[in-house]
Amino acid sequence: MIMSPPRHLPKTRYQIPANLVQPLWLRSRESLVDDGLVYDPIAATACQRCQLAPECFSGDIDQKQLLHATLTQLCDEQVTAFIKQNPDGWIINVGAGLDTRFYRVDNGRCHWLELDVTENLLWRQKLFHASERYHHQCGSVDDLSWLDDLNIPEKAPVMIVCEHALLDCNSAQVAKFIQALGRHFDSARASLVLAGDRCMNVLGQKMGSGQYAHGYDAPGEAVLRYLPWARWVRTSSPLDKHCVRWKLWQRWLTKFVSSKHRFTPVVVQLRW
């Protein structure tokens, strides 16, 4: 019997900060689950080049993985719907970290801009490569000078995605960011992950939530207060996804609309 040679890991193993590599690792793990919510072989390949810090393993990893994968799936679906309606549209991913959404949903025509602070972009450039339609640029939810440097055609459809970065911002910073987007773009869509106000209590932590800098009892209503001229605002909870891996008591919370938006981060989509 002829045996195939063993696969060797890359010689270079990067010690990437835990807050960057853990989401990548969770998507990699989810890709190995039967009927997983997210299939991300790019993350799995990238993780072979990373050394995981001990913090990545803290807490209930399976529950954190489920919550992260569900939020990622919700954002993927919203971006995919935008691209389907606007095949040549522009997606601006703010606080990109080591996100691989471009590789998961790219249609071969859309334009993609990954924004993050300099040190995070350096890690991105080690693991992922820019292309004609896929660019890396310095920018964050705090330093909004990147808005003036954008080179996007005036009438081009735009969608702004912010999956993780706003979770580290207080409510004043969130408001400033959303209002800046509303002033800069005459018309656009945004998909923002915001935390409920009960994420950090016992139930929230048991659902996989982390420690966040803000908490809203009604995230969608808060966004509408920040941008009252929005055409519409919609809030999607991870519990809206009927995944059997959610425990019975967690699924029970879906019967209470207000509660299911308070114990986990949710995805708020808006259009103006």
Side-chain angles (χ1 to χ4, degrees), residues 71 74-97 99 101-102 105 110-118 120-121 124 133-197 212-236 261 265-272:
L71 289 168
L74 286 169
C75 290
D76 280 0
E77 290 173 351
Q78 293 178 3
V79 175
T80 299
F82 171 79
I83 293 175
K84 186 175 182 179
Q85 294 177 358
N86 308 279
D88 298 300
W90 287 73
I91 297 91
I92 304 173
N93 192 15
V94 187
D99 183 44
R101 182 165 288 112
F102 171 79
V105 306
C110 66
H111 303 269
W112 204 282
L113 185 59
E114 305 277 18
L115 289 172
D116 215 324
V117 294
T118 304
N120 292 353
L121 286 181
R124 284 200 66 85
R133 295 181 295 105
Y134 180 59
H135 307 279
H136 300 155
Q137 183 174 324
C138 285
S140 69
V141 295
D142 289 325
D143 181 1
L144 298 170
S145 59
W146 56 269
L147 284 168
D148 297 324
D149 298 329
L150 293 176
N151 187 22
I152 297 176
E154 184 177 353
K155 299 298 183 180
V158 173
M159 183 174 191
I160 300 96
V161 180
C162 192
E163 187 176 353
H164 296 288
L166 287 177
L167 295 175
D168 295 325
C169 297
N170 59 38
S171 57
Q173 292 170 311
V174 173
K176 179 182 176 182
F177 175 71
I178 294 173
Q179 290 166 353
L181 296 180
R183 289 192 298 268
H184 185 85
F185 297 102
D186 292 334
S187 175
R189 296 191 185 194
S191 184
L192 314 172
V193 175
L194 301 176
D197 64 336
Y212 310 123
H214 66 259
Y216 295 102
D217 59 352
E221 293 178 15
V223 168
L224 193 56
R225 289 196 299 270
Y226 298 153
L227 207 67
W229 60 90
R231 297 186 193 179
W232 49 256
V233 175
R234 299 168 185 163
T235 305
S236 301
H261 292 162
V266 296
V267 181
V268 179
Q269 186 178 21
L270 63 151
R271 183 177 182 180
W272 67 93

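FYI, the numbering just counts along the sequence from 1.
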So, applying side-chain hydrogen bond (donor to acceptor under 3.5 Å, both in side chains) with Arg101, which one of Thr80, Asn93, Asp76 is it?
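One option only clears the test, and that one is Asp76.
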
Please report the C-alpha distance between Tyr226 and Lys176 in whole Å, then the side-chain angles of each, then the deciding distance to 0.1 Å, and finally whether the side chain to side chain contact (heavy atoms under 4.5 Å, CB included) criterion is met.
CA-CA 8 Å; Tyr226 298 153; Lys176 179 182 176 182; over 6 Å; no

Heavy-atom pair of closest approach, residues [X] and [Y]:
{"X": "Cys162", "Y": "Val94", "answer": "SG-O, 3.7 Å"}
{"X": "Asp149", "Y": "Gln137", "answer": "CB-NE2, 4.0 Å"}
{"X": "Gly182", "Y": "Leu227", "answer": "CA-CD1, 3.7 Å"}
{"X": "Pro265", "Y": "Leu167", "answer": "CB-CD2, 4.3 Å"}
{"X": "Cys110", "Y": "Ile91", "answer": "CB-CD1, 4.1 Å"}
{"X": "Cys75", "Y": "Glu163", "answer": "SG-CG, 4.3 Å"}

In Å, rounded to the nearest 0.5 Å, how long is the span from [atom1] of [X] to [atom2] of [Y]?
{"X": "Trp146", "Y": "Asp116", "atom1": "CH2", "atom2": "CG", "answer": "11.5 Å"}
{"X": "Arg271", "Y": "Met159", "atom1": "CZ", "atom2": "CE", "answer": "11.0 Å"}
{"X": "Leu270", "Y": "Arg234", "atom1": "CG", "atom2": "CZ", "answer": "10.5 Å"}
{"X": "His136", "Y": "Asn120", "atom1": "NE2", "atom2": "CG", "answer": "11.5 Å"}
{"X": "Asp168", "Y": "Gln173", "atom1": "CG", "atom2": "CD", "answer": "9.5 Å"}
{"X": "Leu150", "Y": "Leu113", "atom1": "CG", "atom2": "CG", "answer": "6.5 Å"}

Listed by chain and number, what are the ring-ring contact (aromatic ring centres under 6.0 Å, His included) partners of Tyr212, not counting sequence neighbours?
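In terms of ring-ring contact (aromatic ring centres under 6.0 Å, His included), with neighbours along the sequence ignored, Tyr212 is linked to no residue.
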
Run Leu181 and Leu147 through side chain to side chain contact (heavy atoms under 4.5 Å, CB included) and show every step you take.
CA-CA 8 Å; Leu181 296 180; Leu147 284 168; 4.3 Å; yes

Taking atom CD of Glu221 as the centre, report whether more than 12 heavy atoms of other residues, nucleotides or ligands fall under 6.0 Å from it.
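It does not: Glu221 CD has 12 such atoms or fewer within range.
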
Plane angle bin for His214 and Tyr216 - parallel if under 30°, tilted between 30 and 60°, otherwise perpendicular:
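Taking His214 first and then Tyr216, their aromatic rings sit tilted (interplane angle of 30° to 60°).
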
Relative to each other, are the rings of His111 and Trp90 parallel, tilted or perpendicular (30° and 60° limits)?
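Judged by the thresholds at 30° and 60°, the geometry between His111 and Trp90 is parallel.
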
Show which side-chain atoms of residues 185-195 pair as donor or acceptor with protein atoms under 3.5 Å away, not counting sequence neighbours.
from: Ser187; atom 1: OG; to: Trp272; atom 2: O; distance (Å): 3.3
from: Arg189; atom 1: NH2; to: Gln85; atom 2: OE1; distance (Å): 3.0
from: Ser191; atom 1: OG; to: Gln78; atom 2: OE1; distance (Å): 2.5

Under a 3.5 Å cutoff, is there a donor and acceptor pairing between the side chains of Ser140 and Asp142?
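No.
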
Partners of Thr118 by side chain to side chain donor-acceptor pair (under 3.5 Å), sequence neighbours excluded?
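For Thr118 there are no side chain to side chain donor-acceptor pair (under 3.5 Å) partners, ignoring immediate neighbours.
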
Please confirm whether the backbone N or O of Asp99 pairs with a side-chain atom of Arg124, one donor and one acceptor, at under 3.5 Å?
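Present.
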
Any side-chain heavy atom of Gln269 sitting closer than 4.5 Å to one from Ser236?
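No, their side chains stay 4.5 Å or more apart.
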
